[in-house]
2 protein chains.
Amino acid sequence: MTNNITRQDFERSFCPVACALDELGDKWTLLIIRDLLLGKKRYQEFLASPERIATNILADRLKKLESAGFVRQQPYQQKPVRCQYILTQKGKDLRPVLQVLVTWGKIYYPGSRVLDAVE
Amino acid sequence: MTNNITRQDFERSFCPVACALDELGDKWTLLIIRDLLLGKKRYQEFLASPERIATNILADRLKKLESAGFVRQQPYQQKPVRCQYILTQKGKDLRPVLQVLVTWGKIYYPGSRVLDAVE
DNA sequence: CATATCACTTGCTTATTGCAAGTGATAAAA
DNA sequence: TTTTATCACTTGCAATAAGCAAGTGATATG
């Protein structure tokens, strides 16, 4: 399910940019990926990020990220079962994208900086 | 207006990724940047892209891209005045971002390809 | 027994998107 | 001269998504 061609993949066009934006093109999804690349794994950790994502949107995005193959769920305790989110290879491979975006952003939003090290 | 710190720049947080997504985080904006990097300049050229952007959204995004300093308007005829859109340095400097995104996308959306050469 | 934590879900209001049609300036064709 | 066409949009409206506050169920802790 992680790396197959489906109808979804070519929703709008055969352009890799368009395909990527079909899955990542909003104000929140890449921030969750950023957090995952920074080592965050749990719901509360994502919620604690300074952008203050709403709980319903976080839940929705995690669901979509999982069904798009960017993350998988991994239980870290029983009673009750609680899961953390782990990047797949598809998700991990976004690191260079975030890196160049950070490089660009630090130039054009002077004073901005990443919490920890995506870079 | 192109490279100043404003309130807008830190809408959600001081993270360069969040700042970038405040201006670029949707399904259409980066596709217009892609087209501009590919050499497209005019309204009708953007409309002709395979993703079929709606006219109201294109007009809205071009307006926002201009006020965010990614593009500027340049008249190419009088009677009636018609303008084309030219990337600023801020816009041009997104090329590496698009390049790594394309590299990533060609792996994870096999069969996808860019119309011309962003890469 | 009361309070707290975690990972959500639900309800509701507001904002954004997508689609079709229309507009105004001008040129070219019938 | 009336019609048709092009270009760069704008307008209206229905559908979808976002944002906010509150609630839920399982469990642990005081």
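Convention: sequence-line order gives letters A, B, ...; per-chain numbering from 1.
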Audit row: B/Arg61, B/Asp26, side-chain contact (heavy atoms from CB on, under 4.5 Å) steps and yes/no: CA-CA 10 Å; B/Arg61 293 305 186 279; B/Asp26 73 351; 2.4 Å; yes
Nucleotide D/dA26, atom P - distance to CZ of A/Arg82 in whole Å: 11 Å
First and last nucleotide of DNA chain C, 5' to 3', lying under 4.0 Å from heavy atoms of chain A: C/dC6 to C/dG11
Distances under 3.5 Å between nitrogen or oxygen atoms of protein and nucleotides 28-30 of chain D:
none

B/Val71 and B/Ile32, any side-chain heavy atoms less than 4.5 Å apart: no
DNA chain C: 5'-proximal contact among A/Lys63 and B/Ala54 (nearest heavy atom): A/Lys63
Touch class at under 4.0 angstrom, heavy-atom based, for A/Tyr76 against every strand present: sugar-phosphate
Working for side-chain contact (heavy atoms from CB on, under 4.5 Å), residues A/Ile33 and A/Leu65: CA-CA 9 Å; A/Ile33 301 275; A/Leu65 280 173; 3.9 Å; yes
Between the first and last five pairs of the helix from C/dC1-D/dG30 to C/dA30-D/dT1, the angle of the axes, rounded to 10 degrees: 10°
Please set out all donor-acceptor pairs under 3.5 angstrom arising from side-chain atoms of residues 43-52 of chain A, sequence neighbours excluded.
unit_1: A/Tyr43; atom_1: OH; unit_2: A/Thr55; atom_2: O; d: 2.9
unit_1: A/Glu45; atom_1: OE1; unit_2: A/Lys41; atom_2: N; d: 2.8
unit_1: A/Glu45; atom_1: OE1; unit_2: A/Arg42; atom_2: N; d: 2.8
unit_1: A/Ser49; atom_1: OG; unit_2: A/Asp35; atom_2: OD1; d: 3.3
unit_1: A/Ser49; atom_1: OG; unit_2: A/Asp35; atom_2: OD2; d: 2.6
unit_1: A/Ser49; atom_1: OG; unit_2: A/Lys40; atom_2: NZ; d: 2.7
unit_1: A/Glu51; atom_1: OE1; unit_2: A/Arg34; atom_2: NH2; d: 2.9
unit_1: A/Glu51; atom_1: OE2; unit_2: A/Arg34; atom_2: NH1; d: 2.9
unit_1: A/Glu51; atom_1: OE2; unit_2: B/Ser13; atom_2: OG; d: 2.6

Side-chain heavy atoms of A/Val102 within contact of A/Lys106, under 4.5 Å: yes
Separation of atom CD in B/Gln44 from atom P in D/dA5, rounded to whole Å: 15 Å
Side chains of B/Ile53 and B/Leu31 in contact at under 4.5 Å (non-hydrogen atoms): no
Electrostatic pair A/Arg12:A/Asp22 at N-O distance under 4.0 angstrom: yes
Short N-O contact, B/Lys90 and B/Glu23, less than 4.0 angstrom: yes
Note, A/Leu94 side chain near A/Leu24 side chain (heavy atom, < 4.5 Å): yes
Sugar-phosphate only, base, or nothing, as touched by B/Phe46 at under 4.0 Å among non-hydrogen atoms: nothing
Check nucleotides 13-18 of chain D against the protein and report each pair of N or O atoms closer than 3.5 Å, with its distance, or say if there are none.
unit_1: D/dA18; atom_1: OP1; unit_2: A/Arg61; atom_2: NH2; d: 2.5
unit_1: D/dA18; atom_1: OP2; unit_2: A/Arg61; atom_2: NH1; d: 3.4
unit_1: D/dA18; atom_1: OP2; unit_2: A/Arg61; atom_2: NH2; d: 3.1

Heavy-atom donor-acceptor pair, A/Thr88 side chain to A/Phe70 backbone, under 3.5 Å: yes
Under the side-chain contact (heavy atoms from CB on, under 4.5 Å) test, residues paired with B/Lys63 that sit two or more places apart: none
B/Gln84 side chain reached by B/Gln73 side chain, heavy atoms, under 4.5 Å: no
B/Trp104 side chain vs A/Arg95 backbone, donor-acceptor pair below 3.5 Å: no
